[in-house]
Asker: 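Quick one: structure below, then a few questions.
Residue numbers start at 1 and run along the sequence shown. Worth saying up front: this structure is predicted, and the values here are computed from it rather than measured. In what follows, every heavy atom counts, from backbone to side chain, and hydrogens, waters and symmetry copies are set aside.
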Amino acid sequence: MTLRIGSLVQGPAAADHEATWLLGHTARIRFRNLRREGNDLLVDAVLRVRCRYLKSAPDGVARCAAHGFTGPVPASGAGEPQPRKLAGQRFLIVENHQLAALDLPLRPRSLPVVENDPDDVNPCSIAPCTTADHTRGSACCRDLQVEILCPRSNTALEALVRSRLSPYLCKVTREAEDALEAEVISACGFLDQEGLNCTLHGRQRPDGRPAKPELCSDWPDDGKGLHPGCIFYQPPARKRSRRQ
């Protein structure tokens, strides 16, 4: 399928951060050619989320619970690895609308995640928040919203998207005549080996811009879009009842 990354109307470097963010989520998405089409930056991709109607038996036979078809269990389709962290301080990010291997030096006294003491522990590594598959740790780096280019006339593609296994691909809605929106669980390839900390934190591009995608540092309003257990969620204060 084709994913729309962002608009390029703001200049030649526009959407580089959004593309770095999206193409970082390699756990269940295989990214192919990145390209410009008009004022949009697009990427072709394969979402590796099995059909919710697929039932596997111990004898290696697969069955479709919707239509009754049987056959061998499909291959996982993992494909070639898509590393984002290379050797040393070298990373694969999007620069000028193309994946590029760049040396990204670490600035001294880099901030962990939010504006707090750089000597503090990364707050996201100790937060109890989890994604919908009950995976704990850096939930915001595993959960993403995607826009899939799918015109209303392409009923086959829409049916394929809507039949994926929840919660790995879920909450599919049609927001426009040419696009669907969905939620995908696919861990970011910029996380460290423990899967908790972003290795792009505190690094900068050759032109001085932060290497870390801007939207990863732009926190949602309190209580909106935060994962259950998020360390930054502040429940609303309870109103005191007035005595009669």
Asker: Determine whether more than 12 heavy atoms belonging to other residues, nucleotides or ligands lie under 6.0 Å from atom CD of Gln10.
Answerer: no
Asker: Is any side-chain heavy atom of Leu34 closer than 4.5 Å to a side-chain heavy atom of Leu41?
Answerer: yes
Asker: Can any side-chain N or O of Arg142 pair as donor or acceptor with the backbone N or O of Gly137 at less than 3.5 Å?
Answerer: yes
Asker: Please check this pair: side chain of Thr173 against backbone of Glu175, looking for a donor-acceptor N/O pair closer than 3.5 Å.
Answerer: no
Asker: Same cluster for Leu200 and Leu191 if Ile/Leu/Val/Met/Phe/Trp/Tyr side chains link at under 4.5 Å?
Answerer: no
Asker: Please enumerate all residues that pass ring-ring contact (aromatic ring centres under 6.0 Å, His included) together with His134, with sequence neighbours excluded.
Answerer: none
Asker: Hey, are Asp207 and Arg205 close enough for a salt bridge, meaning a charged N less than 4.0 Å from a carboxylate O?
Answerer: no
Asker: Determine yes or no for a side-chain-to-main-chain donor-acceptor pair under 3.5 angstrom, with Asp16 supplying the side chain and Asn96 the backbone.
Answerer: yes
Asker: Using only atom types and a distance under 3.5 Å, with no angle test, would you say the side chain of Ser186 pairs donor to acceptor with the backbone of Ala27?
Answerer: yes
Asker: If hydrophobic clusters are built from ILVMFWY residues whose side chains come within less than 4.5 Å, do Ile5 and Leu149 share one?
Answerer: no
Asker: Can you pull out every ring-ring contact (aromatic ring centres under 6.0 Å, His included) where at least one residue sits in residues 23-61? Sequence neighbours excluded, please.
Answerer: Trp21-His25
Asker: Quick one: does His97's side chain get under 4.5 Å of Leu8's, heavy atoms only?
Answerer: yes
Asker: Would a distance-only check, ignoring hydrogens and angles, find a side-chain to backbone donor-acceptor pair under 3.5 Å from Arg90 to Lys85?
Answerer: no
Asker: Any side-chain to backbone donor/acceptor pair from Arg50 onto Arg164? Under 3.5 Å, distance only.
Answerer: no
Asker: Check whether any side-chain heavy atom of Leu102 lies under 4.5 Å from a side-chain heavy atom of Phe91, and answer yes or no.
Answerer: no
Asker: So Gln89 and Arg203, side chain to side chain donor-acceptor pair (under 3.5 Å) or not? Walk me through it.
Answerer: CA-CA 9 Å; Gln89 300 192 85; Arg203 300 184 184 275; 3.1 Å; yes
Asker: Just so I know, are the side chains of Arg36 and Leu42 near enough to count as touching, which here means a heavy-atom distance under 4.5 Å?
Answerer: no
Asker: Hey, mind stepping through Asp44 and Thr2 against side chain to side chain donor-acceptor pair (under 3.5 Å) and telling me if it holds?
Answerer: CA-CA 4 Å; Asp44 292 330; Thr2 300; 2.7 Å; yes
Asker: Counting C-beta onward and ignoring hydrogens, is there a side-chain heavy-atom pair between Leu99 and Ile93 closer than 4.5 Å?
Answerer: no
